[in-house]
Amino acid sequence: MCGIVGYVGGQQAAPLLLEGLTRLEHRGYDSSGVAVLGSSGIKVAKQAGRVRDLADGLPKRFGGKVGIGHTRWATHGPANDANAHPHTDAKGDVAVVHNGIIDNAAALRRQLTDDGVDLVSDTDTEVIAHLVAHSEADSLEGRVRDALAVIDGTYGVAVMHADFPDRIVVARNGSPLIIGVGEREMHVASDLAALVRYTTTIAHLDDGEMATVTASGFTTYKQDLSSTHKQATTIDVDPDAYDAGDHESYMHKEIREQPEAAERVLRGRLDERFGTAHLGGLNMDARETRAIRRVKILGCGSAYYVGQMGAGLVEELARIPADAEAASEFRYRNPIIEPDTLYVAVSQSGETIDTLLAVQEIRRKGGRVIGLVNVVGSAIARECDGGIYLHAGPEVAVASTKALTNMFLGFALLALQLGRVRDLSVADGKRLIAGLTRLPDQIGQVLAREDTLAEIAAGLAEAESLFFVGRVRGFPVAREGAQKFKEISYRHAEAYQTSELKHGPLALISPEVPTVAVVPHDELTDRNVAALHEIAARRGPLVVVTHEDVDLGELEAVRIDVPRNEVELDPILLTLPLQLLAYHAATHLGHDIDKPRNLAKSVTVE
Ligand code: G6P
């Protein structure tokens, strides 16, 4: 949530900062701003709206070779020009950009007001600028340290000061900050996406760490200013992976990338001989694996729904009781942490604060947590005892698609490994491995029907309100389908167990309220079809995502067939058409696909 960029070097900073902000816009996009430090001091341009509005409105004279920038997702105060970052002190000598939340902002704001400071925004961040300005330390590092010393909360922060014109000081506590090393120039960003076009030689700051960045290099230190001697390393990333290429949106690109992404998460992890999975990163031997009595999965949003699919896989394949819970709720009910429970945190970004705090709560109570995480080296990945990297590649669109698919496959691998040290037979293990191997190709087959799905989606987009229904394996699929639909089409989409319809929601069924039903070929097909007849009898329009050999009888419905795999793996193939329905409904309605209103890609505040 929110993005930070910074630059120090021989070039004009503003164009580089604006380019970096464009690449971070998925993290927050209600307002943005840049500050540059030139011969006449600090200049700031900031406003509500998108980065392109900021770029269009930038003053002609905006020179400076040191600069910081920010794209915001409002927490304290509405999205207006005054609340946009960077924030400055009264004299305009200090400029600050900040991600995170300052918990004692109200008290600090009161104190500053009592001291005669005129606060010009509603933000928590503004206090940092004033605190830095008020410090009497003789270095910028000392002044930032003094400011941070009185702050409680989370931050990734970058600070410039007119009296120290060669540098930016950055600090991290809970919000990522990365330094990128160039040729006699240095970059700063909260996300790799803003750096990879300039450099792949980077250093991640740790929590509690600060750094001074000048054109010639950087130094890192703790808040007591003792050195941490951090060195930059060169990482292996393809900068093109961060571009949308020929696709009209990142979401479209990411949907279409799923066959290759699925291959990557499976690569090297299938053991055909023993019919099991190899997951070296779990850091658990067979004895420890056998001792697991329960699996508890935690995630937010789509990661929570795929967690429900994962719980189903674990129960079916390993016969271990498993369930998923929203990480955002877990910590607040003083959860009982058991030594023989395996906790699994699921997160694309590895940054979602609720999931991170859940991991910390479990570990504080002595529980074992593994992570299913996409972003390598992210906070959740680092906090866990072990895990499975998802190798989906960078995911930029707010609505998760390829990462979600790889989460499902990560769960399939985990369930297979857990199952094979227990009662899952070699034959079943091999059956599932064959199924997993077929999946990337079958994913491609579903995506190839995009044109048909686009037509169906245009019809659904007309409805103000929709139901998504499924049972058992199909229910989390329906939940994920409704989530995707509502977040990008802004239509009211509600997921229900098909079996629960007659206990309430059937009252809402009418010709104006379509139902998207998930009906796999499994032991519940007949019951599912019977429930769909009840909807049809109330003249509710139906779209049925199903398998070719499912007989819908006389049912009047638009039918979407997906290929069959092994019954346990079918949920992911059933999920794919729902991604495309949401995508094309939102496109039909003319919405900004990658940046749905009010949302942000990584939710790093509680
Ligand atoms: C946000 C996004 C969702 C995502 C969730 C979890 O709410 O809008 O699409 O599923 O965060 O993100 P994570 O990075 O932890 O998977």
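Start at 1 and go down the list; that is how both ligands and their atoms are numbered.
- Listed by chain and residue number, T341 satisfy the side-chain hydrogen bond (donor to acceptor under 3.5 Å, both in side chains) test with E338 (two or more places apart in sequence, or in another chain).
- In this model, no donor atom of one side chain and acceptor atom of the other lie less than 3.5 Å apart for Q47 and D53.
- Both cation-pi conditions hold for R597 and Y490: the charged atom is under 6.0 angstrom from the six-membered ring centre and inside a 45 degree cone around its axis.
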Contacts table for ligand 1: protein N or O within a distance under 3.5 Å of ligand N or O, distances only.
| unit_1 | atom_1 | unit_2 | atom_2 | d |
| --- | --- | --- | --- | --- |
| ligand 1 | 9 (O) | V398 | O | 3.1 |
| ligand 1 | 10 (O) | S302 | N | 3.1 |
| ligand 1 | 12 (O) | T352 | OG1 | 3.3 |
| ligand 1 | 14 (O) | S347 | OG | 3.4 |
| ligand 1 | 14 (O) | Q348 | N | 3.4 |
| ligand 1 | 14 (O) | S349 | N | 2.8 |
| ligand 1 | 14 (O) | S349 | OG | 2.6 |
| ligand 1 | 14 (O) | T352 | OG1 | 3.4 |
| ligand 1 | 15 (O) | S347 | OG | 2.6 |
| ligand 1 | 15 (O) | T352 | OG1 | 2.4 |
| ligand 1 | 16 (O) | Q348 | N | 2.6 |

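- With respect to the salt-bridge test (charged N to carboxylate O, under 4.0 angstrom), the residues R333 and E325 qualify.
- Remark: D240 pairs with R197 by the side-chain hydrogen bond (donor to acceptor under 3.5 Å, both in side chains) rule, at least two apart or across chains.
- Sorted by first and then second residue, the ring-ring contact (aromatic ring centres under 6.0 Å, His included) pairs involving residues 457-481 (not counting sequence neighbours) are F468-F485.
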